[in-house]
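Accompanying notes for the structure given below.
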Amino acid sequence: MPELPEVETVVRSIRPHITGKTILDADLRWARTLAQPSPKKFKEQVKGQKIKNVTRRAKYIDIHLTDFHLYIHLRMSGDVQIRDMGAQKEKHDRLILTLSQKKLLAFNDTRKFGRVWLTNDPQSVLGKLGPEPLEKEFTAEWLYNALQKKKRQLKPLLLDQTFLAGLGNIYTDEALHLAKLHPAAASDSVNRKQAQALKEAIVKILSEGIKRNGASIDWVYRGGEYQNHFRVYGRDGEACMVCGTIIEKFYVGQRGTHVCPKCQR
DNA sequence: AGGGAAACCCGAACGC
DNA sequence: TGCGTTCGGGTTTCCC
């Protein structure tokens with residue numbers, strides 16, 4: 001399931017292959033994939049656009065075009081693939097862009113949760129996002145102050161993309177374990193030292209995920225192997241790698257949550 | 001404001 | 001083996 005490190009992996013893998021190419025045609029295979037604008041307008045507008053660059057903001061893939069930004073959010077099961085012209089269509093393809101130089105860009109998404117936007121106003125898509133955890137703006141001081149201003153459980157707050165943009169369920173569990181903080185703890189109960197530890201844990205966990213090309217639980221295509229290095233995620237019933245206590249699983253804010261009851265108070 | 005629930009989806013995993 | 005049920009993941013939206 002694509003979280004930030006998986007999205008980063010996709011961006012890095014497609015960027016060198018599509019930058020500089022022109023979009024010749026668009027085949028929209030499931031209308032609801034498109035969040036904005038209408039399918040007809042989308043096709044009109046995207047044709048003839050040249051791909052200038054591919055970047056990432058939080059979990060949004062940002063394809064910079066001549067006059068627009070094409071944003072793709074992979075949500076749960078999405079993937080973006082480059083294929084040769086004439087390649088067989090795949091079962092869960094939602095959008096296929098025909099590119100110059102006989103290439104195709106396919107957005108494939110089994111569970112149909114992923115969405116695509118075409119706009120010349122980045123704010124309309126990204127406007128509400130919080131800071132980027134791997135940028136300089138994300139400091140321990142900022143985190144401490146931001147946590148103080150809220151009275152929410154730590155994990156749901158960290159998952160809130162308007163608070164901090166990029167953490168998903170897996171990496172949040174991992175970061176909280178590394179920082180020795182309990183997911184249900186009140187955000188304003190975290191002291192400066194703990195905020196510092198949490199900041200460092202988040203950066204470390206995300207960087208580690210990127211280094212290992214993502215976790216790929218049911219997202220096998222990229223072959224990420226971070227899943228072999230989970231500290232707590234999916235390890236309920238097994239021993240904590242730090243203290244040997246049995247990892248527990250319960251729900252916080254409707255999300256499956258994994259915790260070492262001894263390390264995380 | 002924050003929390004809970006439901007909705008959107010499918011396939012894998014599970015129970016019988 | 002086959003069939004029905006449950007689960008999970010990211011995000012939005014609605015309700016209390």
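Letters A, B, ... are given to chains in the order of the sequence lines, protein chains preceding strands, and every chain is numbered from 1. Since the model is a prediction, treat every value here as computed from it, not as a measurement.
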Rounded to the nearest Å, what distance is computed from the [atom1] atom of residue [X] to the [atom2] atom of nucleotide [N]?
X: A:Phe163; N: B:dA1; atom1: CZ; atom2: P; result: 15 Å
X: A:Phe113; N: C:dT12; atom1: CZ; atom2: C1'; result: 11 Å
X: A:His92; N: B:dG11; atom1: NE2; atom2: P; result: 4 Å
X: A:Gln254; N: C:dT13; atom1: CD; atom2: C1'; result: 12 Å
X: A:Trp30; N: B:dC9; atom1: CH2; atom2: C1'; result: 7 Å
X: A:Leu154; N: B:dG3; atom1: CG; atom2: P; result: 11 Å
X: A:Leu74; N: B:dC9; atom1: CG; atom2: P; result: 17 Å
X: A:Lys128; N: C:dT12; atom1: NZ; atom2: C1'; result: 10 Å

Between [X] and [N], is there a side-chain N or O to OP1/OP2 distance below 4.0 Å?
X: A:Lys155; N: B:dG3; result: no
X: A:Lys59; N: C:dT11; result: yes
X: A:Lys112; N: B:dC8; result: no
X: A:Arg32; N: B:dC9; result: yes
X: A:Arg152; N: B:dG3; result: yes
X: A:Lys249; N: C:dG8; result: yes
X: A:Tyr251; N: B:dG4; result: no

Let's see if you can work this out: which of C:dT11, B:dG2, B:dC10 has an atom nearest to the side-chain heavy atoms of A:Lys150?
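The answer is B:dG2, which lies nearest to the side chain.
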Select one nucleotide: of B:dG3, C:dT12, B:dG11, the one nearest the side-chain heavy atoms of A:Gln153.
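Minimum distance to the A:Gln153 side chain belongs to B:dG3.
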Shortest non-hydrogen contact from A:Gly78 toward A:Phe107:
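Heavy-atom minimum between the residues: CA-CE1, 4.1 Å.
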Taking all non-hydrogen atoms of both residues into account, name the closest pair between A:Lys59 and A:Gly168 and its distance.
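Nearest heavy atoms, A:Lys59 then A:Gly168: NZ-CA, 3.7 Å.
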From A:Lys211 NZ over to A:Lys204 NZ, what is the distance, rounded to the nearest 0.5 angstrom?
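Going from the NZ atom of A:Lys211 to the NZ atom of A:Lys204 covers 8.5 Å.
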For the residue pair A:Lys103 and A:Ile82, establish whether any side-chain heavy-atom pair is separated by less than 4.5 Å.
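Sidechains of A:Ile82 and A:Lys103: in contact.
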Is the A:Phe113 to A:Trp30 ring centre distance short of 6.0 Å?
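No, the ring centres sit 6.0 Å or more apart.
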